[in-house]
S.K.: 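Questions regarding the structure given below will be posed in turn.
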Protein chains: 2
Amino acid sequence: MYHRCMKASPPPLRQQTRAVVRSLIAQTAMAVFAEKGYDETTVEEVAAAAGVSRRTLFNYFKSKEDLALSGLAEQGEKIAARFASSPPGEDIWESLSSAFRVLEEIETTSERRLEIVTLLFGSESLRAGHVEKQSRWQELLAPQIEERLPLSDHRSLEARAIAAAAITCLQAATEEWSRIGGRVDLFHLYDAAVQAVRRAH
Amino acid sequence: MYHRCMKASPPPLRQQTRAVVRSLIAQTAMAVFAEKGYDETTVEEVAAAAGVSRRTLFNYFKSKEDLALSGLAEQGEKIAARFASSPPGEDIWESLSSAFRVLEEIETTSERRLEIVTLLFGSESLRAGHVEKQSRWQELLAPQIEERLPLSDHRSLEARAIAAAAITCLQAATEEWSRIGGRVDLFHLYDAAVQAVRRAH
DNA sequence: CAGCATAATGCACTCAGTGCAATAGTCTGC
DNA sequence: GCAGACTATTGCACTGAGTGCATTATGCTG
């Protein structure tokens, strides 16, 4: 018998519908942002377009920024998962490079990715959040990297520095990729960036 | 004879007083933030503490965030200036390392620096702006770095990647430095971070 | 002192975000 | 199907950031 107060069993169905609705709202938001521009769009408009009240929208997303950047959190988790499944003996930078390639599998076409990236880089007010949210990937990657590092005084710092540097290279590559209109392979640019950082001059 | 409409000569005195007032307000703001916490302080309170109206405060700073982060812009310029004056033949990473050391000369004591850094890392809402603002240093450093780079297909990207990676290492080092209470040399940590990134594993 | 440019201010407004309380749904056991 | 309980949705009112505009204060030049 199920007692009424069984907090321990929050029907997974609820969670599931919640996730679906959330994803639906985010999709709608991205469409509106793409059309009107992020700064020129009010939360009110997004709510209307998604067919929910303003207040409900804030139940699903903690801020307007979140509407545009929630995808980045998922991407980070996928990258971390891919990295975790890489051969333990493999060179760290090799593993990172292939982990980042899951990005190719997430958004269907590269045109779509370009559209999103353009949006994220397009708004001054979004860029800060964008950079910060990607920096959070560091927290997922660093612990894994640390395990592969030889013993030293500052292993934790070293691991975080490596994760952060790799992410930074990806950001630089993405910005360049966006600048030239996505006409070359993003990961070719990423490799060039990493090479430049790690090569002695 | 000075004609009334001489737009070409905006008395440098004005600019000077403006800068002084601005700096004064920023100082006051930091004091209030340090005492009450950034998020718990309203712009109104900072204005009152500085003895100006809310509206005037917004004439000097474009946002509340700017009150806390305006110092970072100046730091960036000083770092870039120092980098510019480094021996042209010197290793880039060597030059970057010594350029960053101007930070030691800006804030008098390391206790003071620790206090500021703690404030910046302390607030969730400040961190994004903090990271983004430091990332802007990249725009000052990258052009200089590019000049020192050998010719290649993606020199501009490479330069930006190197600048960004160095800044990222500084951020990681600063965070670690803050975590352990400033008891070691920040630049020792920075060097360790750079070593970790650039060494093959 | 008179005139002028600029800084400071007050006021009213938009918009993001939050807390609270009322309502509408949905699922449960009976 | 129905009563009861839990949860999602919503409306409403409020705080606080940021902006535009019009008015007033200030300080400099002649």
Side-chain angles (χ1 to χ4, degrees), chain A residues 1-25 28-29 32-33 36-70 123-126 128-129, chain B residues 1-25 28-29 32-33 36-70 123-126 128-129:
Chain A
M1 163 204 175
Y2 290 131
H3 200 278
R4 43 220 161 116
C5 293
M6 279 199 83
K7 275 278 182 67
S9 77
L13 181 66
R14 296 279 187 197
Q15 300 288 347
Q16 213 166 338
T17 30
R18 244 193 105 77
V20 171
V21 172
R22 195 183 138 92
S23 158
L24 226 50
I25 294 177
T28 309
V32 180
F33 289 156
K36 272 199 71 172
Y38 178 79
D39 292 312
E40 290 70 33
T41 305
T42 68
V43 174
E44 191 96 36
E45 291 169 316
V46 174
V52 296
S53 73
R54 207 178 81 98
R55 197 60 186 80
T56 297
L57 192 149
F58 277 116
N59 282 340
Y60 282 93
F61 297 88
K62 76 174 209 299
S63 70
K64 179 184 179 184
E65 212 183 65
D66 241 36
L67 280 169
L69 302 182
S70 64
S123 159
E124 182 61 36
S125 40
L126 260 187
Chain B
M1 163 203 177
Y2 291 130
H3 200 276
R4 42 212 161 121
C5 293
M6 280 200 81
K7 274 281 182 67
S9 78
L13 182 65
R14 296 279 186 197
Q15 300 288 345
Q16 214 167 340
T17 31
R18 244 194 106 75
V20 171
V21 172
R22 194 183 139 93
S23 156
L24 226 50
I25 294 176
T28 309
V32 181
F33 288 157
K36 272 199 71 172
Y38 177 79
D39 291 312
E40 290 71 32
T41 305
T42 69
V43 174
E44 192 96 37
E45 291 169 316
V46 174
V52 296
S53 73
R54 206 178 83 97
R55 197 61 186 80
T56 296
L57 192 150
F58 276 116
N59 283 339
Y60 281 93
F61 297 88
K62 76 174 209 297
S63 69
K64 179 184 179 185
E65 211 184 66
D66 241 36
L67 280 170
L69 302 182
S70 64
S123 160
E124 181 61 34
S125 41
L126 261 186

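In what follows, every heavy atom counts, from backbone to side chain, and hydrogens, waters and symmetry copies are set aside.
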S.K.: More than 12 foreign heavy atoms under 6.0 Å from CD of A:Glu44: is that the case here?
M.R.: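 For A:Glu44, atom CD is not crowded (no more than 12 foreign heavy atoms under 6.0 Å).
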S.K.: Whole-Å distance between C:dT9 P and B:Glu44 CD?
M.R.: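 My rounded result for the distance is 12 Å.
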S.K.: Rounded to the nearest angstrom, tell me the gap between atom CD1 in B:Ile25 and atom P in C:dA7.
M.R.: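 After rounding, the gap between these two atoms is 13 Å.
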S.K.: Roughly, in whole Å, what's the span from CZ in B:Arg22 to P in C:dA7?
M.R.: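 Going from B:Arg22 (CZ) to C:dA7 (P), I get 14 Å.
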S.K.: In whole angstrom, what separates A:Lys64's NZ from D:dG18's C1'?
M.R.: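 Rounded to the whole Å, the gap is 13 Å.
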S.K.: Without decimals, in angstroms, what is the distance between B:Asp39 CG and C:dT18 C1'?
M.R.: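 Rounded to whole Å, this separation is 14 Å.
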S.K.: Any residue in residues 53-62 of chain A with a heavy atom nearer than 4.0 angstrom to DNA chain C? Just list them by number, or reply none.
M.R.: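 Close to the strand are A:Arg54, A:Arg55, A:Phe58, A:Lys62.
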S.K.: Rounded to whole Å, how long is the line connecting atom CD of B:Glu40 with atom C1' of D:dA17?
M.R.: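 One finds 16 Å between C1' of D:dA17 and CD of B:Glu40, rounded.
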S.K.: Could you tell me which residues satisfy salt bridge (charged side-chain N to carboxylate O under 4.0 Å, His left out) with B:Glu45, sequence neighbours excluded, listed by chain and number?
M.R.: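 B:Glu45: salt bridge (charged side-chain N to carboxylate O under 4.0 Å, His left out) contacts with B:Lys36.
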S.K.: From CZ of B:Arg18 over to P of C:dT6, roughly how many Å is that when rounded to an integer?
M.R.: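 Roughly 12 Å, once rounded to whole Å.
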S.K.: Considering every strand and a 4.0 Å limit on heavy-atom distances, what is the contact class for B:Thr17: base, sugar-phosphate, or nothing?
M.R.: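 Counting heavy atoms under 4.0 Å across all strands, no contact is made by B:Thr17.
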S.K.: Donor-acceptor pair, B:Thr41 side chain versus B:Gly37 backbone, under 3.5 Å?
M.R.: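 At least one qualifying donor-acceptor pair exists.
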S.K.: Could you tell me which non-hydrogen atom of A:Arg18 sits nearest to which non-hydrogen atom of A:Asn59, and how far apart they are?
M.R.: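 Nearest heavy atoms, A:Arg18 then A:Asn59: NH2-O, 3.0 Å.
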S.K.: Compare every heavy atom of A:Phe61 with every heavy atom of A:Ser70, then report the nearest pair and how far apart it is.
M.R.: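 Minimum heavy-atom separation between A:Ser70 and A:Phe61: OG-CE2, 3.9 Å.
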S.K.: For A:Tyr38, which residues count as a ring-ring contact (aromatic ring centres under 6.0 Å, His included) partner, sequence neighbours excluded?
M.R.: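 Only A:Phe33 meet the ring-ring contact (aromatic ring centres under 6.0 Å, His included) criterion with A:Tyr38.
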